[in-house]
Amino acid sequence: MDAASAVGVGAEGVGLFRSEYTFLTHPTVPTEEDQLVTYRGVIEASPNNCVTIRTLDLGGDKQVPYLGSQREANPFMGWRSIRMTSEYPEFFQTQLRAILRAGRHGRVSVLFPMVSTVEEVQRLKRLIDNTRMGLRRAKVPFGEQVPFGVMIEVPAAALCIDHLLDEVDFVSIGSNDLIQYIMAADRDNPKVAHLCEPFHPSIYRVLRQVITACADRQKSVTLCGEMAARPACLLALLGMGMRRFSMSPAFIPTAKEFVRSVNLQAAQQAAEQVVRMRHVGEVRDFLTRRVGQLCPKVATLDTM
Ligand code: PEP
Ligand code: MG
């Protein structure tokens, strides 16, 4: 299991626990107790008992039979994630109760996917507050200090990051989705896979805006998604001030080796150059070349 293998490679925690897999692999709707057992198991297996639990991210390509899915022309732009779960407040609160209760067993954060507007975030905050109040009233013990965060994976959220930061404790960038939405290219469609490559200058311009806003407000920001595992991307991200990355345990040793060997000034210069470039190929070739110069050992592993 990823949480246990993360301990062996020196991870500091589990940066993204995708809770929908608990639902997709369960034959019926998992109860609050079922979920609590799962979350607690992950927390106890994780480095430093530290886990960011993301609420259900269903819809798009992932469906369960009990949430009334519909055929949609554009499922990734449709009824997914919080857009779906918010329409089932009781069901959603069951998950939040389980997460908050699991919060007693480690350093747990709750993370909401696919946020687009401040109104959504305010509604989610009210839902969390009501869930906390309900637990208190029922005298059910829970983690009082569970931080509240949102994923930045819709361009609207990234571009108004300053407004969202006023509402949350932390953010996590979902680079897989953010890239597909910036590029308007389905991440699962091989015909447009070339557009989902993380080298368009616009991606770095948007990321720079998010990272800078978080630094200015001293709010924690983590980068999730496949981009985090590519040294060429890591170089530009480090240069923009990104310091927290969530990736599959298999990539952690390489990423650590790279981060240790990279000169921060060279990374900053690379980031500045990338946002001024015009062509995808120019960005990719430049970053790949710089990784080769700065850390030849790691460059041979960046084959994606
Ligand atoms: C992402 O979008 O980058 C992300 C981490 O979430 P998922 O891949 O599960 O959509
Ligand atoms: Mg996502």
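All ligand and atom numbering here is 1-based and tracks the order in the structure.
For the pair Arg187 and ligand 1, a heavy-atom separation below 4.0 Å is found.
Looking at Arg54 next to ligand 1, an N or O pair under 3.5 Å apart turns up. Polar contact check, Asn176 against ligand 1: a nitrogen or oxygen pair lies under 3.5 Å apart.
Here Gln180 has no heavy atoms under 4.0 Å from ligand 1, in either its backbone or its side chain. Proximity of Ile173 to ligand 1, defined as any heavy-atom pair under 4.0 Å, is not found for any part of the residue. If you look at Arg18 next to ligand 1, the close heavy atoms, those under 4.0 Å, all belong to the side chain. Neither the backbone nor the side chain of Met114 comes within contact range of ligand 1; no heavy atom lies under 4.0 Å.
Electrostatic pairing of Lys219 and Glu167 does not count as a salt bridge here, judged by no charged N lying under 4.0 Å from a carboxylate O.
Every atom of ligand 1 with a heavy atom of Glu153 under 4.0 Å away is listed here by number and element: 1 (C), 2 (O). Close approach of ligand 1 to Gly174 is summarised as follows: ligand atoms under 4.0 Å from at least one heavy atom of the residue are 1 (C), 2 (O), 3 (O). Residue Gly225 has at least one heavy-atom neighbour below 4.0 Å for each of these atoms of ligand 1: 3 (O), 5 (C). Close approach to Leu16 involves these atoms of ligand 1, each under 4.0 Å from a residue heavy atom: 5 (C).
The aromatic ring centres of Phe76 and Tyr181 sit 6.0 Å or more apart.
Asp34 and Thr31 are linked by a side-chain donor-acceptor pair at a separation below 3.5 angstrom, with hydrogens and angles left out of the test. Gln93 and Thr131 are linked by a side-chain donor-acceptor pair at a separation below 3.5 angstrom, with hydrogens and angles left out of the test.
Around the Mg ion (ligand 2), the protein N, O or S atoms closer than 2.8 Å are Glu153 OE1, Asp177 OD2, listed by chain and residue number.
No more than 12 heavy atoms of other residues, nucleotides or ligands sit less than 6.0 Å from atom CD of Gln218.
Other members of the cluster containing Phe170 are Leu16, Leu111, Met151, with ILVMFWY side chains joined at under 4.5 Å, either directly or via other members.
Both Val262 and Met227 are part of a single hydrophobic cluster, where members link through side-chain heavy atoms under 4.5 Å apart. Val110 and Val37 are members of different hydrophobic clusters when ILVMFWY side chains are connected at heavy-atom separations under 4.5 Å.
Residues Ile99 and Gln95 meet the side-chain proximity criterion, which asks for heavy atoms closer than 4.5 Å. Side chains of Thr94 and Tyr88 form no contact here, defined as non-hydrogen atoms less than 4.5 Å apart.
Nearest-heavy-atom check against atom 2 (O) of ligand 1 across Thr222, Leu223, Asp177 picks out Asp177.
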Which donor-acceptor pairs under 3.5 Å do the side chains of residues 201-217 make with protein atoms, sequence neighbours left out?
{"residue": "Ser202", "atom": "OG", "partner": "His200", "partner atom": "ND1", "Å": "2.8"}
{"residue": "Tyr204", "atom": "OH", "partner": "Pro198", "partner atom": "O", "Å": "2.7"}
{"residue": "Arg205", "atom": "NE", "partner": "Val275", "partner atom": "O", "Å": "3.1"}
{"residue": "Arg205", "atom": "NH2", "partner": "Val275", "partner atom": "O", "Å": "3.1"}
{"residue": "Gln209", "atom": "NE2", "partner": "Leu159", "partner atom": "O", "Å": "3.1"}
{"residue": "Thr212", "atom": "OG1", "partner": "Arg208", "partner atom": "O", "Å": "2.7"}

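Sorted by first and then second residue, the pairs that involve residues 134-144 and meet side chain to side chain donor-acceptor pair (under 3.5 Å), not counting sequence neighbours, are Arg136-Glu144.
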